Amino acid sequence: MTRYGVVLFFTNSSVMRAEKLLKKAGCSIKLIPTPREFSSDCGVVLRFDWTDCEQVKAILDTAHLEIDAIHQM
Amino acid sequence: MIYLDNAATSWPKPPEVLKAMTDVLELAGGNPGRSGHRLSVAAAREVYNAREDIASFFNVADPLRVIFTANATHGINIALKGLLKPGDHVVTSSIEHNAVMRPLRSLEKQGVRLSIVPCAADGSLDVRDVVRAMNPRTRLVAITHASNVMGTILPVAEVASVAHKAGALLLVDAAQTAGIIPIDMPAMGIDFLAFTGHKELQGPPGIGGLAIGENIDVSQMEPLMRGGTGSHSASEEQPDDLPDKFESGTLNLVGIAGLHAGIQWVRDRGIDTIRAHLKELTLALINGLSELPGIKVYGPLDTSNTVAVVSFSVHHKRVSEVGLKLDEEYGILCRVGLHCAPAAHKTMGSFPEGTVRLAPGVFTTMDDISTTLRAIEQVIHS
(Lines give C-alpha, C1' and ligand atoms only; values in the text may rest on other atoms or scores of the structure.)
Protein backbone atom coordinates (compact mmCIF):
# COMPACT_ATOMS: atom_id res chain seq x y z
CA MET A 1 0.00 0.00 0.00
CA THR A 2 1.22 3.48 -0.80
CA ARG A 3 2.31 5.26 2.33
CA TYR A 4 3.52 8.62 1.08
CA GLY A 5 3.02 11.07 -1.68
CA VAL A 6 5.27 13.96 -2.69
CA VAL A 7 4.39 17.36 -4.11
CA LEU A 8 6.89 18.92 -6.50
CA PHE A 9 6.88 22.70 -6.76
CA PHE A 10 8.51 25.01 -9.25
CA THR A 11 10.19 27.22 -6.65
CA ASN A 12 11.54 26.86 -3.16
CA SER A 13 9.38 29.76 -1.95
CA SER A 14 6.30 27.75 -2.92
CA VAL A 15 7.57 24.79 -0.90
CA MET A 16 8.00 27.02 2.15
CA ARG A 17 4.55 28.51 1.75
CA ALA A 18 2.99 25.07 1.31
CA GLU A 19 4.79 23.72 4.36
CA LYS A 20 3.39 26.50 6.54
CA LEU A 21 -0.15 26.08 5.21
CA LEU A 22 -0.23 22.30 5.54
CA LYS A 23 1.32 22.30 9.01
CA LYS A 24 -1.26 24.82 10.10
CA ALA A 25 -3.97 22.48 8.79
CA GLY A 26 -2.51 19.65 10.87
CA CYS A 27 -1.19 17.52 7.99
CA SER A 28 1.74 15.24 8.73
CA ILE A 29 4.40 16.39 6.28
CA LYS A 30 8.16 16.52 5.83
CA LEU A 31 10.43 18.30 3.41
CA ILE A 32 12.85 15.85 1.80
CA PRO A 33 15.49 16.15 -0.92
CA THR A 34 13.92 15.79 -4.35
CA PRO A 35 14.09 12.13 -5.43
CA ARG A 36 16.02 12.07 -8.71
CA GLU A 37 13.41 9.92 -10.44
CA PHE A 38 10.83 12.68 -10.18
CA SER A 39 12.59 15.83 -11.19
CA SER A 40 15.90 17.24 -12.20
CA ASP A 41 15.36 20.34 -10.05
CA CYS A 42 17.56 20.83 -7.04
CA GLY A 43 16.07 21.46 -3.63
CA VAL A 44 13.27 19.83 -1.78
CA VAL A 45 9.85 18.28 -2.22
CA LEU A 46 7.03 18.06 0.25
CA ARG A 47 6.23 14.53 1.44
CA PHE A 48 2.78 13.84 2.88
CA ASP A 49 0.71 10.87 4.08
CA TRP A 50 -1.05 9.50 1.02
CA THR A 51 -4.28 9.24 3.03
CA ASP A 52 -4.24 13.07 3.23
CA CYS A 53 -3.92 13.45 -0.54
CA GLU A 54 -7.30 15.08 -1.20
CA GLN A 55 -6.90 17.47 1.73
CA VAL A 56 -3.39 18.45 0.60
CA LYS A 57 -4.59 19.10 -2.95
CA ALA A 58 -7.52 21.17 -1.70
CA ILE A 59 -5.34 23.35 0.56
CA LEU A 60 -2.78 24.02 -2.16
CA ASP A 61 -5.53 24.74 -4.64
CA THR A 62 -7.25 27.21 -2.33
CA ALA A 63 -3.96 29.04 -1.82
CA HIS A 64 -3.41 29.19 -5.61
CA LEU A 65 -0.06 27.49 -5.13
CA GLU A 66 1.22 26.36 -8.48
CA ILE A 67 2.50 22.80 -8.35
CA ASP A 68 4.66 20.89 -10.78
CA ALA A 69 3.37 17.41 -9.99
CA ILE A 70 2.15 15.03 -7.30
CA HIS A 71 3.62 11.51 -7.19
CA GLN A 72 3.14 8.40 -5.09
CA MET A 73 6.16 7.01 -3.31
CA MET B 1 29.96 59.49 21.18
CA ILE B 2 26.78 60.88 19.65
CA TYR B 3 25.75 59.24 16.40
CA LEU B 4 23.75 61.56 14.14
CA ASP B 5 24.25 59.82 10.80
CA ASN B 6 21.21 57.58 10.85
CA ALA B 7 20.12 58.73 7.39
CA ALA B 8 23.28 57.07 6.04
CA THR B 9 22.94 53.98 8.20
CA SER B 10 21.33 53.54 11.58
CA TRP B 11 23.54 52.80 14.55
CA PRO B 12 23.60 51.16 17.00
CA LYS B 13 21.46 48.19 16.01
CA PRO B 14 19.00 46.59 18.45
CA PRO B 15 20.63 43.61 20.24
CA GLU B 16 17.85 41.38 18.85
CA VAL B 17 19.16 42.07 15.33
CA LEU B 18 22.71 41.03 16.20
CA LYS B 19 21.44 37.89 17.91
CA ALA B 20 19.24 36.90 14.97
CA MET B 21 22.24 37.21 12.68
CA THR B 22 24.55 34.99 14.72
CA ASP B 23 21.71 32.54 15.46
CA VAL B 24 20.86 32.02 11.81
CA LEU B 25 24.46 31.23 10.90
CA GLU B 26 24.75 28.83 13.77
CA LEU B 27 21.38 27.13 13.60
CA ALA B 28 20.21 27.54 10.00
CA GLY B 29 23.40 28.16 8.05
CA GLY B 30 22.69 26.09 4.94
CA ASN B 31 22.09 27.56 1.50
CA PRO B 32 18.39 28.54 1.38
CA GLY B 33 16.44 26.82 -1.38
CA ARG B 34 19.29 24.83 -2.79
CA SER B 35 19.95 21.58 -0.98
CA GLY B 36 17.49 19.24 0.69
CA HIS B 37 19.13 18.77 4.08
CA ARG B 38 17.92 20.22 7.35
CA LEU B 39 20.24 23.25 7.46
CA SER B 40 19.26 24.29 3.95
CA VAL B 41 15.57 23.83 4.74
CA ALA B 42 15.95 25.77 7.99
CA ALA B 43 17.59 28.61 6.07
CA ALA B 44 14.82 28.56 3.45
CA ARG B 45 12.21 28.71 6.22
CA GLU B 46 13.86 31.79 7.70
CA VAL B 47 13.99 33.44 4.27
CA TYR B 48 10.34 32.66 3.64
CA ASN B 49 9.21 33.81 7.08
CA ALA B 50 11.13 37.06 6.60
CA ARG B 51 9.49 37.50 3.20
CA GLU B 52 6.05 37.03 4.75
CA ASP B 53 6.67 39.50 7.56
CA ILE B 54 8.11 42.11 5.21
CA ALA B 55 5.16 41.66 2.85
CA SER B 56 2.75 42.18 5.71
CA PHE B 57 4.74 45.22 6.92
CA PHE B 58 4.08 46.94 3.57
CA ASN B 59 0.63 45.33 3.16
CA VAL B 60 1.70 43.26 0.15
CA ALA B 61 -0.72 40.33 -0.17
CA ASP B 62 1.68 37.93 -1.90
CA PRO B 63 5.03 37.44 -0.09
CA LEU B 64 6.56 36.11 -3.31
CA ARG B 65 6.35 39.67 -4.66
CA VAL B 66 8.99 40.74 -2.15
CA ILE B 67 12.38 40.47 -3.85
CA PHE B 68 15.48 40.48 -1.67
CA THR B 69 18.21 42.82 -2.89
CA ALA B 70 21.50 44.17 -1.57
CA ASN B 71 20.01 47.62 -0.86
CA ALA B 72 17.48 50.15 -2.13
CA THR B 73 19.73 51.10 -5.06
CA HIS B 74 19.72 47.49 -6.25
CA GLY B 75 15.91 47.33 -6.08
CA ILE B 76 15.57 50.65 -7.92
CA ASN B 77 17.87 49.37 -10.69
CA ILE B 78 15.86 46.15 -11.01
CA ALA B 79 12.66 48.16 -11.46
CA LEU B 80 14.00 50.90 -13.74
CA LYS B 81 16.15 48.75 -16.01
CA GLY B 82 13.63 45.91 -16.01
CA LEU B 83 10.74 48.08 -17.02
CA LEU B 84 11.93 50.97 -19.18
CA LYS B 85 12.65 50.58 -22.88
CA PRO B 86 13.97 53.10 -25.41
CA GLY B 87 11.15 55.49 -26.35
CA ASP B 88 9.50 55.21 -22.92
CA HIS B 89 9.12 58.39 -20.92
CA VAL B 90 9.85 58.57 -17.20
CA VAL B 91 9.16 61.35 -14.70
CA THR B 92 11.17 62.02 -11.56
CA SER B 93 11.73 64.84 -9.07
CA SER B 94 14.57 67.29 -8.60
CA ILE B 95 15.42 66.04 -5.09
CA GLU B 96 16.33 62.48 -6.00
CA HIS B 97 19.26 60.57 -4.60
CA ASN B 98 21.72 59.27 -7.18
CA ALA B 99 20.22 55.81 -6.55
CA VAL B 100 17.39 57.00 -8.80
CA MET B 101 19.13 59.72 -10.81
CA ARG B 102 22.15 57.76 -12.07
CA PRO B 103 20.24 54.77 -13.49
CA LEU B 104 17.81 57.24 -15.08
CA ARG B 105 20.63 59.27 -16.63
CA SER B 106 22.11 56.03 -17.96
CA LEU B 107 18.76 54.96 -19.41
CA GLU B 108 18.40 58.40 -20.96
CA LYS B 109 21.53 57.70 -23.01
CA GLN B 110 19.85 54.52 -24.25
CA GLY B 111 16.79 56.39 -25.54
CA VAL B 112 14.53 56.65 -22.51
CA ARG B 113 13.02 60.16 -22.24
CA LEU B 114 13.42 61.78 -18.84
CA SER B 115 11.50 64.68 -17.28
CA ILE B 116 12.66 66.09 -13.95
CA VAL B 117 9.90 67.93 -12.09
CA PRO B 118 11.40 70.83 -10.11
CA CYS B 119 10.71 70.90 -6.38
CA ALA B 120 10.70 74.10 -4.31
CA ALA B 121 13.81 75.02 -2.32
CA ASP B 122 12.33 73.29 0.73
CA GLY B 123 11.92 70.11 -1.32
CA SER B 124 8.15 70.31 -1.62
CA LEU B 125 6.60 69.00 -4.81
CA ASP B 126 3.55 70.52 -6.48
CA VAL B 127 1.56 67.61 -7.88
CA ARG B 128 0.25 69.86 -10.66
CA ASP B 129 3.81 70.00 -11.99
CA VAL B 130 3.80 66.20 -12.17
CA VAL B 131 0.54 66.32 -14.12
CA ARG B 132 2.13 68.77 -16.58
CA ALA B 133 5.17 66.51 -17.03
CA MET B 134 3.12 63.46 -18.03
CA ASN B 135 2.68 62.48 -21.68
CA PRO B 136 1.17 59.51 -23.52
CA ARG B 137 4.55 57.72 -23.53
CA THR B 138 5.02 58.06 -19.76
CA ARG B 139 5.62 54.55 -18.48
CA LEU B 140 6.77 55.35 -14.96
CA VAL B 141 7.02 58.01 -12.28
CA ALA B 142 10.01 57.36 -10.01
CA ILE B 143 10.27 59.43 -6.83
CA THR B 144 11.77 59.34 -3.41
CA HIS B 145 9.41 59.04 -0.46
CA ALA B 146 11.50 61.54 1.50
CA SER B 147 14.62 63.56 0.77
CA ASN B 148 17.82 62.24 2.30
CA VAL B 149 19.16 65.81 2.37
CA MET B 150 16.35 67.91 3.87
CA GLY B 151 13.86 65.30 5.05
CA THR B 152 10.90 66.58 3.02
CA ILE B 153 8.26 63.92 2.44
CA LEU B 154 6.79 63.80 -1.07
CA PRO B 155 3.03 63.29 -1.62
CA VAL B 156 3.34 59.70 -2.83
CA ALA B 157 -0.37 58.82 -2.86
CA GLU B 158 -1.26 61.94 -4.87
CA VAL B 159 1.55 61.27 -7.35
CA ALA B 160 0.32 57.67 -7.65
CA SER B 161 -3.10 58.89 -8.57
CA VAL B 162 -1.66 61.23 -11.24
CA ALA B 163 0.56 58.46 -12.62
CA HIS B 164 -2.22 55.88 -12.78
CA LYS B 165 -4.64 58.30 -14.45
CA ALA B 166 -2.05 58.75 -17.20
CA GLY B 167 -1.56 54.99 -17.51
CA ALA B 168 1.88 55.04 -15.85
CA LEU B 169 3.28 53.14 -12.89
CA LEU B 170 4.86 54.47 -9.70
CA LEU B 171 8.23 53.52 -8.20
CA VAL B 172 8.99 54.82 -4.72
CA ASP B 173 12.43 54.97 -3.12
CA ALA B 174 11.64 54.38 0.55
CA ALA B 175 15.23 54.31 1.80
CA GLN B 176 14.57 57.17 4.24
CA THR B 177 11.02 56.31 5.27
CA ALA B 178 10.58 52.55 5.71
CA GLY B 179 10.45 52.01 9.46
CA ILE B 180 9.47 55.62 10.25
CA ILE B 181 6.39 56.20 8.13
CA PRO B 182 3.73 53.50 7.71
CA ILE B 183 3.75 52.30 4.10
CA ASP B 184 0.68 50.56 2.71
CA MET B 185 1.56 49.77 -0.91
CA PRO B 186 -1.92 49.16 -2.34
CA ALA B 187 -3.56 51.98 -0.35
CA MET B 188 -0.89 54.47 -1.45
CA GLY B 189 -0.92 53.21 -5.04
CA ILE B 190 2.73 52.21 -5.08
CA ASP B 191 3.63 49.75 -7.84
CA PHE B 192 7.30 49.29 -6.96
CA LEU B 193 8.67 49.93 -3.49
CA ALA B 194 12.44 49.88 -3.04
CA PHE B 195 13.64 49.79 0.56
CA THR B 196 16.87 49.21 2.39
CA GLY B 197 17.39 47.22 5.57
CA HIS B 198 20.15 49.17 7.24
CA LYS B 199 18.45 52.46 8.02
CA GLU B 200 15.27 52.79 10.07
CA LEU B 201 14.31 49.15 9.56
CA GLN B 202 17.22 48.54 11.96
CA GLY B 203 18.84 45.75 9.94
CA PRO B 204 22.45 45.40 8.80
CA PRO B 205 23.99 46.91 5.64
CA GLY B 206 23.87 44.73 2.54
CA ILE B 207 20.21 43.76 2.59
CA GLY B 208 17.15 45.47 1.12
CA GLY B 209 14.27 44.67 -1.10
CA LEU B 210 11.92 45.53 -3.92
CA ALA B 211 8.22 44.90 -3.37
CA ILE B 212 6.27 44.56 -6.59
CA GLY B 213 2.57 45.42 -6.75
CA GLU B 214 -0.07 42.76 -7.43
CA ASN B 215 -1.05 44.18 -10.81
CA ILE B 216 2.44 44.26 -12.31
CA ASP B 217 3.01 41.75 -15.08
CA VAL B 218 6.63 40.76 -14.48
CA SER B 219 6.81 38.71 -17.66
CA GLN B 220 7.25 42.08 -19.40
CA MET B 221 10.31 42.90 -17.30
CA GLU B 222 13.93 41.97 -17.91
CA PRO B 223 15.88 40.74 -14.88
CA LEU B 224 18.96 42.77 -13.97
CA MET B 225 20.96 39.58 -13.38
CA ARG B 226 20.49 35.98 -14.39
CA GLY B 227 21.81 32.85 -12.72
CA GLY B 228 21.08 30.00 -10.37
CA THR B 229 17.79 30.14 -8.47
CA GLY B 230 17.43 26.62 -7.09
CA SER B 231 14.37 26.20 -9.31
CA HIS B 232 13.85 24.87 -12.87
CA SER B 233 17.43 23.62 -12.70
CA ALA B 234 17.16 21.63 -15.92
CA SER B 235 16.62 24.85 -17.87
CA GLU B 236 19.36 27.21 -19.00
CA GLU B 237 16.84 30.05 -19.22
CA GLN B 238 15.94 32.37 -16.35
CA PRO B 239 12.56 31.38 -14.82
CA ASP B 240 9.68 33.87 -14.75
CA ASP B 241 8.51 32.75 -11.29
CA LEU B 242 8.69 35.25 -8.45
CA PRO B 243 10.83 35.88 -6.54
CA ASP B 244 13.32 33.70 -8.44
CA LYS B 245 13.29 35.78 -11.61
CA PHE B 246 15.00 38.64 -9.79
CA GLU B 247 16.95 36.68 -7.16
CA SER B 248 19.80 34.87 -8.87
CA GLY B 249 22.64 33.63 -6.72
CA THR B 250 22.83 32.74 -3.05
CA LEU B 251 20.82 35.12 -0.89
CA ASN B 252 22.21 37.19 1.98
CA LEU B 253 20.78 34.89 4.66
CA VAL B 254 22.47 36.70 7.55
CA GLY B 255 21.24 40.06 6.28
CA ILE B 256 17.73 38.72 5.79
CA ALA B 257 17.64 37.37 9.35
CA GLY B 258 18.90 40.73 10.64
CA LEU B 259 16.37 42.70 8.60
CA HIS B 260 13.60 40.36 9.75
CA ALA B 261 14.52 40.92 13.40
CA GLY B 262 14.81 44.66 12.75
CA ILE B 263 11.30 44.84 11.32
CA GLN B 264 9.94 42.87 14.26
CA TRP B 265 11.72 45.32 16.58
CA VAL B 266 10.17 48.30 14.77
CA ARG B 267 6.75 46.67 15.00
CA ASP B 268 7.15 45.96 18.70
CA ARG B 269 8.22 49.50 19.47
CA GLY B 270 5.56 50.93 17.16
CA ILE B 271 6.11 53.15 14.12
CA ASP B 272 4.01 55.95 15.65
CA THR B 273 6.10 55.96 18.83
CA ILE B 274 9.31 55.99 16.78
CA ARG B 275 8.10 58.81 14.56
CA ALA B 276 6.90 60.92 17.48
CA HIS B 277 10.30 60.55 19.14
CA LEU B 278 12.16 61.49 15.95
CA LYS B 279 9.90 64.49 15.36
CA GLU B 280 10.60 65.78 18.84
CA LEU B 281 14.35 65.46 18.34
CA THR B 282 14.24 66.99 14.87
CA LEU B 283 12.18 69.96 15.97
CA ALA B 284 14.60 70.61 18.85
CA LEU B 285 17.48 70.54 16.37
CA ILE B 286 15.80 72.91 13.91
CA ASN B 287 14.76 75.35 16.64
CA GLY B 288 18.15 75.22 18.35
CA LEU B 289 20.08 75.72 15.11
CA SER B 290 17.80 78.57 14.00
CA GLU B 291 18.69 80.50 17.16
CA LEU B 292 22.43 80.27 16.50
CA PRO B 293 24.14 83.14 14.68
CA GLY B 294 25.65 82.56 11.25
CA ILE B 295 23.76 79.33 10.60
CA LYS B 296 21.53 78.63 7.64
CA VAL B 297 19.07 75.76 8.06
CA TYR B 298 17.83 74.24 4.80
CA GLY B 299 14.57 72.50 4.08
CA PRO B 300 11.27 72.78 5.97
CA LEU B 301 11.52 74.54 9.34
CA ASP B 302 8.73 72.50 10.90
CA THR B 303 8.43 68.74 11.20
CA SER B 304 4.87 68.20 10.02
CA ASN B 305 6.02 66.73 6.74
CA THR B 306 9.61 65.58 7.23
CA VAL B 307 11.71 62.67 8.36
CA ALA B 308 14.53 63.11 10.87
CA VAL B 309 17.05 64.88 8.65
CA VAL B 310 18.33 68.43 9.20
CA SER B 311 20.76 70.14 6.81
CA PHE B 312 22.62 73.34 7.66
CA SER B 313 25.68 75.38 6.81
CA VAL B 314 27.81 77.74 8.87
CA HIS B 315 28.70 81.16 7.50
CA HIS B 316 32.40 81.39 6.53
CA LYS B 317 33.13 77.78 7.45
CA ARG B 318 33.55 74.81 5.14
CA VAL B 319 31.11 72.01 5.93
CA SER B 320 34.04 69.59 6.00
CA GLU B 321 35.70 71.66 8.70
CA VAL B 322 32.52 71.65 10.79
CA GLY B 323 32.13 67.90 10.38
CA LEU B 324 35.73 67.21 11.32
CA LYS B 325 35.57 69.41 14.43
CA LEU B 326 32.33 67.82 15.59
CA ASP B 327 33.85 64.37 15.21
CA GLU B 328 37.35 64.98 16.59
CA GLU B 329 36.61 67.47 19.36
CA TYR B 330 33.09 66.52 20.43
CA GLY B 331 32.58 62.90 19.32
CA ILE B 332 29.54 63.90 17.27
CA LEU B 333 29.22 61.93 14.06
CA CYS B 334 27.35 63.34 11.08
CA ARG B 335 27.70 63.50 7.32
CA VAL B 336 28.79 66.56 5.36
CA GLY B 337 28.89 67.30 1.64
CA LEU B 338 26.45 66.37 -1.09
CA HIS B 339 24.99 63.16 0.37
CA CYS B 340 24.93 61.42 -3.04
CA ALA B 341 22.17 63.81 -4.06
CA PRO B 342 23.55 66.67 -6.20
CA ALA B 343 20.06 67.34 -7.61
CA ALA B 344 18.64 67.92 -4.12
CA HIS B 345 21.47 70.30 -3.24
CA LYS B 346 20.96 72.23 -6.48
CA THR B 347 17.25 72.45 -5.65
CA MET B 348 17.85 73.89 -2.19
CA GLY B 349 20.73 76.12 -3.29
CA SER B 350 23.61 74.42 -1.48
CA PHE B 351 25.45 73.03 -4.50
CA PRO B 352 28.43 72.44 -4.82
CA GLU B 353 29.50 73.09 -1.22
CA GLY B 354 26.85 70.87 0.33
CA THR B 355 25.66 70.94 3.93
CA VAL B 356 26.21 69.44 7.36
CA ARG B 357 23.51 66.84 7.84
CA LEU B 358 22.27 65.79 11.26
CA ALA B 359 20.10 62.68 11.31
CA PRO B 360 18.94 61.48 14.72
CA GLY B 361 17.75 57.91 15.14
CA VAL B 362 15.59 55.86 17.45
CA PHE B 363 18.36 55.63 20.07
CA THR B 364 19.16 59.37 20.05
CA THR B 365 18.10 61.21 23.22
CA MET B 366 17.09 64.81 23.89
CA ASP B 367 20.34 65.15 25.88
CA ASP B 368 22.27 64.19 22.75
CA ILE B 369 20.52 67.00 20.87
CA SER B 370 21.31 69.59 23.59
CA THR B 371 24.96 68.50 23.68
CA THR B 372 25.14 68.71 19.89
CA LEU B 373 23.66 72.21 19.80
CA ARG B 374 26.18 73.41 22.42
CA ALA B 375 29.01 71.85 20.40
CA ILE B 376 27.87 73.53 17.19
CA GLU B 377 27.67 76.87 18.99
CA GLN B 378 31.31 76.44 20.06
CA VAL B 379 32.36 75.41 16.56
CA ILE B 380 30.77 78.60 15.17
CA HIS B 381 32.85 80.72 17.53
CA SER B 382 36.09 78.77 17.08
Side-chain angles (χ1 to χ4, degrees), chain A residues 2-50 52-53 55-73, chain B residues 28 30-56 60-68 209 212 214 218-219 227-251 253 256 260:
Chain A
T2 309
R3 179 141 185 240
Y4 293 120
V6 290
V7 192
L8 278 62
F9 294 90
F10 290 110
T11 70
N12 187 264
S13 304
S14 303
V15 181
M16 295 301 133
R17 191 177 196 174
E19 184 192 30
K20 283 189 95 163
L21 289 169
L22 295 172
K23 269 191 180 161
K24 210 170 163 186
C27 298
S28 169
I29 54 162
K30 187 175 164 61
L31 301 186
I32 60 168
T34 309
R36 293 298 300 169
E37 64 266 33
F38 293 145
S39 166
S40 57
D41 276 2
C42 47
V44 290
V45 294
L46 189 147
R47 191 185 72 186
F48 60 94
D49 286 348
W50 189 248
D52 291 341
C53 191
Q55 192 194 358
V56 167
K57 277 185 189 165
I59 290 170
L60 299 181
D61 194 48
T62 308
H64 302 293
L65 261 169
E66 211 184 339
I67 62 171
D68 186 0
I70 291 183
H71 294 291
Q72 291 186 4
M73 273 184 87
Chain B
N31 192 329
R34 299 304 195 268
S35 315
H37 56 73
R38 69 190 77 181
L39 280 183
S40 174
V41 169
R45 278 192 195 112
E46 168 52 24
V47 169
Y48 183 75
N49 288 337
R51 224 186 273 285
E52 258 192 358
D53 277 359
I54 293 166
S56 124
V60 176
D62 180 0
L64 306 191
R65 288 188 166 257
V66 173
I67 312 299
F68 284 116
I212 302 177
E214 284 296 316
V218 294
S219 70
T229 56
S231 52
H232 301 277
S233 293
S235 168
E236 294 182 359
E237 303 290 331
Q238 188 76 2
D240 249 336
D241 307 82
L242 286 177
D244 299 21
K245 178 169 188 167
F246 300 112
E247 277 185 0
S248 293
T250 296
L251 287 171
L253 174 67
I256 289 168
H260 191 193

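Lettering of chains follows the sequences in order, A, B, ..., and the numbering in each one begins at 1. Hydrogens, waters and symmetry mates are skipped; everything else that's a heavy atom, side chains included, is used. None of these values were measured; they are calculated from a predicted model.
- Using a 4.5 Å cut-off on side-chain heavy atoms (C-beta onward), B:Glu52 and A:Met16 make no contact.
- Within the 4.5 angstrom heavy-atom criterion, no atom of B:Arg38 approaches chain A.
- Contact of the A:Pro33 side chain with the B:His37 side chain is not registered, since no non-hydrogen atoms from C-beta on lie closer than 4.5 Å.
- One distance of note links OG of B:Ser231 with CG of A:Asp68; it measures 11.0 Å at 0.5 Å rounding.
- Looking only at heavy-atom pairs under 4.5 Å with chain B, the residue among A:Glu66, A:His64, A:Lys20 that has the most is A:Lys20.
- For the pair A:Arg17 and B:Asp62, the minimum side-chain heavy-atom distance is below 4.5 Å.
- The minimum heavy-atom distance linking A:Ser13 with B:Asp244 is given by the pair OG-OD1, 4.3 Å.
- Among the residues in residues 41-49 of chain B, those with a non-hydrogen atom closer than 4.5 angstrom to a non-hydrogen atom of chain A are B:Val41, B:Ala44, B:Arg45, B:Tyr48, B:Asn49.
- Of the listed residues (B:Asn31, B:Leu64, B:Leu242), the greatest number of heavy-atom pairs within a distance under 4.5 Å of chain A belongs to B:Leu64.
- Counting non-hydrogen atoms of neighbouring residues, nucleotides and ligands closer than 6.0 angstrom, the CD atom of B:Glu236 reaches no more than 12 such neighbours.
- A:Ile32 is linked by a side chain to side chain contact (heavy atoms under 4.5 Å, CB included) to A:Val6, A:Lys30, A:Val45, A:Arg47, A:Met73, counting only residues two or more places apart in sequence or in another chain.
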